[in-house]
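Here is the structure we will look at, set down as structure tokens.
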Amino acid sequence: MGDELMEVLGASRSVISGELDWPLHGLRHPPEANTSGWYVWTGELSPDADFFQPWHAAHLVERCPQVEGFLQMPPGSRFLLAPGYVDVWDDPALLDVAE
């Protein structure tokens, strides 16, 4: 198991609870403290402070094995994953750090 699977990411309750409705969205900010910088969700993205919950990447890979390779992408990366569909792109705005 790679080190990235032991890192903490932010996951929506829909992902954690097992209601994995497609598509699965992921974006990566620069890592901070003990987190990987990854945020993953299904459905509509919410601005609510408790939308993302801390979750180990290994649990995400157990639920959705096809996501493992994406978690190795660098900060500034995004992905959209659904059955029969994959999109990956760079999003430089994710690298902007508020002063």
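Since we're looking at a predicted model, the values are computed, not measured. Residue indices begin at 1 and follow the sequence shown.
- Looking only at side-chain heavy atoms (C-beta outward), Trp38 and Leu71 come within less than 4.5 Å of each other.
- To the nearest 0.5 Å, atom CG of residue Asp90 and atom OG of residue Ser77 are 5.5 Å apart.
- Looking at every heavy atom in both residues, Thr42 comes nearest to His25 through CA-CD2, 4.5 Å.
- Between atom OG of residue Ser17 and atom CD of residue Gln53 there is a gap of 11.0 Å, rounded to the nearest 0.5 Å.
- With hydrogens and angles ignored, the 3.5 Å screen pairs no side-chain donor or acceptor of Trp41 with any backbone N or O of Phe52.
- No side-chain heavy atom of Val40 sits less than 4.5 Å from a side-chain heavy atom of Ser12.
- Of all heavy-atom pairs between Ile16 and Arg63, the closest is O-NH1, 2.6 Å.
- Contacts of Val86 classified as side-chain contact (heavy atoms from CB on, under 4.5 Å), with partners at least two apart in sequence or in another chain: Phe70, Leu81, Val88.
- Formation of a donor-acceptor pair under 3.5 Å by the Arg28 side chain with backbone atoms of Met73 is found in this model.
- Separation of atoms CG (Asp87) and OH (Tyr85) is listed at 4.0 Å; rounding is to 0.5 Å.
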Report task. With side-chain contact (heavy atoms from CB on, under 4.5 Å) as the test, would you mind laying out the steps for Phe79 and Leu27 before giving the verdict? Result -> CA-CA 7 Å; Phe79 68 83; Leu27 61 80; over 6 Å; no

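- Between Leu24 and Cys64, the closest heavy-atom pair is CD2-SG, 4.0 Å.
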Query raised in the report: Does the pair Trp55 and Tyr39 meet the rule for a ring pair (Phe, Tyr, Trp, His ring centres under 6.0 Å), with working shown?
Result: CA-CA 10 Å; Trp55 210 37; Tyr39 292 87; over 10 Å; no

Report task. I would like to know whether Val15 and Leu60 meet side-chain contact (heavy atoms from CB on, under 4.5 Å); could you show each step before the answer? Result -> CA-CA 8 Å; Val15 172; Leu60 175 62; 3.8 Å; yes

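- We find the OG-NE2 distance between Ser36 and His56 to be 10.0 Å, quoted to the nearest 0.5 Å.
- Taking a cutoff of 4.0 Å between a charged side-chain nitrogen and a carboxylate oxygen, Arg13 and Asp50 qualify as a salt bridge.
- A distance of 9.5 Å separates CG in Leu9 from NE2 in His59, rounded to the nearest 0.5 Å.
- Judged by distance alone, with hydrogens and angles left aside, the side-chain atoms of His29 form a donor-acceptor pair with the main-chain N or O of Leu94 at under 3.5 Å.
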